[in-house]
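Here's the structure, in structure tokens; my notes come after.
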Amino acid sequence: MLLTSGIACYAQQIGLVQNPSARQGLSLNGPWRIIVDPYEAGYYDFHLHPIPGGGLGADRVPVDKSDRLELTFLPNAPTLQVPGDWNTQKPEFLWYEGTIWYKREFDYAKKPGRRLFLWFGAANYQAIVFLNGKKLGQHEGGFTPFQFEVTDAVRDGTNSVIVKVDDQRHADGIPTAMTDWWNYGGLTRDVKLIDVPDTFIQDYFVQLEKGWLNRIGGWVRLDGARKRQKVTIRIPETGNYTTVDTDENGYARFALNATLTPWSPENPKLYDVRVEAETDSIEDRIGFRLIQASGQRISLNGKPIFLRGISIHGEAPFRAGRVFSEADARVLLTWAKELGCNFVRLAHYPHDEAMTRLADQMGLLVWSEIPVYWAVQWENPAAYANAERQLTEMITRDHNRASVIFWSMANETPLGDARTKFLGSLAAKARELDPTRLITAATLTHYSDPATIAIDDPLGQYLDVIGCNEYIGWYDGLPTKADTVRFKTIYDKPMVMSELGGEAPFGRHGDEDTAWTEEYQANVYRHQIPMLKRIPFLAGMTPWILVDFRCPRRFLTGIQDYYNRKGLLSDRGEKKQAYYVLRDYYQSLAVREQPPAPGTPPTLLSPHPR
Ligand code: GCB
């Protein structure tokens, strides 16, 4: 409760270790002992002062039989699995919001000449981390990785990690206290100890240069004492490589010509890429594709593309908990493929890395987003710093993923100068970190006359692609309203309809005018599609949403029961009528996009049939 946003001491002492799954080390997944601490009494004393030494984090054990120590983990403390949200592991935690302390031990034999990092895939929302009773630091933000260098703090033999995870919502947080999703708490993603050489390849950016199909450009950064080294970037399959010298900061840019098969949804070709320094080397699987916005069109590898998308929450079907594995990701992305998608909007926060890695393999383009959602504190510098850090962590983690084409700054934020300045600064930061991808945000609609939605949000000036959420037929009139609504824009930029839809539990039937029925929901889509076809600047769509998801704001008994039921599939994978409406439409678009038969003279397809 006292730990509000804007904590000064952040986790990253250096940049995040790139591609941690390619690094040796020790997985710290598995059972961790826990203490539930709703009053944060393990951290604050009875007058609400932080307890010197970190309270439970100090990891003390009773010294003798008279010791009345309360701030300790006893061996019989219950356990939770990591990775995993706590809400779905024990029924009594389903609604819990607050602090849970986690502890686990690990044995380690230190090796000379190596450095160690304690790395967390994500902890929602705020984590304070202790190793062997000493505080390492803290991290705020529930969906991005963070790490601490622990080279000197790890000891030979048994070590203990204690983490205070607090998922209380805050008005000054990112996201803020009001969202439309479940606030899953805990160590929700992998935890590991990463072991790297003294001077190691901390990060690398290997992507096609902007505007090129056969020229890779990027940079590499070493961290450690031997900053000046020769580094080779090699693509064994094509035989291409280049060698560069890193500077006194361990940094070097490079460019490399190569004849490449471009990555695309139809052919998600990935190459082994090796980065070889004198003291370290690492391998990744990277695809190469060119994404561009020109006028009101989006093109992939130089060809116009219509983005047949769907929005997805990071919630696993069947067990309804946070996604943390490739198996979870495969269910969701397979369903998106079967729907006919070439694109997914991973709303409303960075999803598990398993999602973007698998999207690379399966051939799905990705919209990736930070949780700047609804009304955050636009005038609060700490909120901005928090958002910018989460943006940096998202881009750093996934900047080598071919699937990711859009970085989204925000969702449905209210108009105002402070908000536009905040989001404009985020967009500038995103471009600085990654000049190759397109910047977007999902904006709200407004009518310039009763039948015209005007796309004129001033935020548009900072975006490459305008995202637009509209709920004609649900929050905005009846489905037939879509028959007469038209869209106009002041921007010579592409628009993606980033949300639309309606709500119905699977199996609830009635006529198409009866709300909360599958028939009504399908009717929303039937009227939306012709409207969308009439929008000349529409370059894609991601209706809301692939699968029903848990939501505390959705309380209609017998209908919602704390689920947002706008899914085209239920959380058990049952397909609603609207699913087939959208699938049929996407199939018809996909057929139009088939490559012409060999020998046919090339024609440029209009990306969206009108
Ligand atoms: C929206 C939000 C999304 C909600 C959805 C709804 O506009 O962006 O997070 O879940 O509407 O169902 O109302």
Side-chain angles (χ1 to χ4, degrees), residues 142-143 169 173-184 309-315 320 322-323 332 344-351 367-376 406 408-415 419 423 440-447 453 455 457 459 463 465-477 479 482 495-506 508 515-518 520-522 524-525 528 540-556 559-571 576 578-579 582:
F143 304 97
R169 290 168 292 117
I174 302 290
T176 177
M178 182 63 89
T179 69
D180 199 47
W181 66 81
W182 205 267
N183 183 27
Y184 289 111
I310 191 73
S311 297
I312 304 181
H313 256 296
E315 191 171 279
R322 269 275 167 266
V323 165
L332 291 169
V344 288
R345 175 181 179 207
L346 302 184
H348 283 299
Y349 39 76
H351 286 211
W367 160 316
S368 186
E369 176 163 319
I370 47 169
V372 177
Y373 181 89
W374 291 353
V376 316
F406 294 167
S408 169
M409 302 300 105
N411 180 75
E412 291 188 351
T413 51
L415 292 182
R419 160 275 199 179
L423 297 180
T440 192
T443 61
L444 289 160
T445 55
H446 84 94
Y447 284 84
I453 289 180
I455 304 297
D457 186 326
L459 178 61
L463 307 177
V465 175
I466 319 271
C468 173
N469 293 358
E470 55 85 7
Y471 279 90
I472 298 167
W474 191 252
Y475 300 122
D476 177 11
M495 181 175 85
V496 168
M497 204 63 89
S498 35
E499 287 182 32
L500 60 102
E503 196 156 345
F506 171 77
R508 190 177 162 93
W516 311 106
T517 65
E518 283 195 44
Y520 186 105
Q521 185 195 29
V524 170
Y525 279 78
Q528 281 273 344
M541 53 197 271
T542 52
W544 195 253
I545 184 169
L546 184 66
V547 186
D548 293 348
F549 58 98
R550 279 198 215 263
C551 182
R553 296 174 72 246
R554 308 288 170 174
F555 18 67
L556 281 182
I559 296 177
Q560 295 174 309
D561 300 316
Y562 301 103
Y563 274 80
N564 182 318
R565 306 267 183 204
K566 294 193 185 70
L568 296 173
L569 297 101
S570 74
D571 67 301
K576 305 179 196 173
Y579 170 94
L582 187 64

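The structure presented is a predicted model; accordingly, all values stated were derived computationally and were not measured. In each ligand, atom 1 is the first atom listed, and ligand 1 is the first ligand listed.
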Exercise: do Tyr373 and Glu412 side chains pair donor with acceptor under 3.5 Å: no
Answer with yes or no whether the side chains of Asn469 and Ser498 bring together a donor and an acceptor at under 3.5 Å. yes
What does the list of residues with a heavy atom under 4.0 Å from ligand 1 look like, ordered by chain and number? Asp180, His348, Tyr373, Asn411, Glu412, Asn469, Tyr471, Tyr475, Glu499, Trp544, Phe549, Arg554, Asn564, Lys566
Would a line drawn from the ring center of Tyr184 to the ring center of His313 be shorter than 6.0 Å? no
Check: Asp548/Asn564 side-chain N/O donor and acceptor closer than 3.5 Å: no
For the ring pair Trp367 and His348, is the centre-to-centre distance below 6.0 Å? no
With sequence neighbours left out, write down each residue that passes salt bridge (charged side-chain N to carboxylate O under 4.0 Å, His left out) with Arg322, or none if nothing qualifies. none
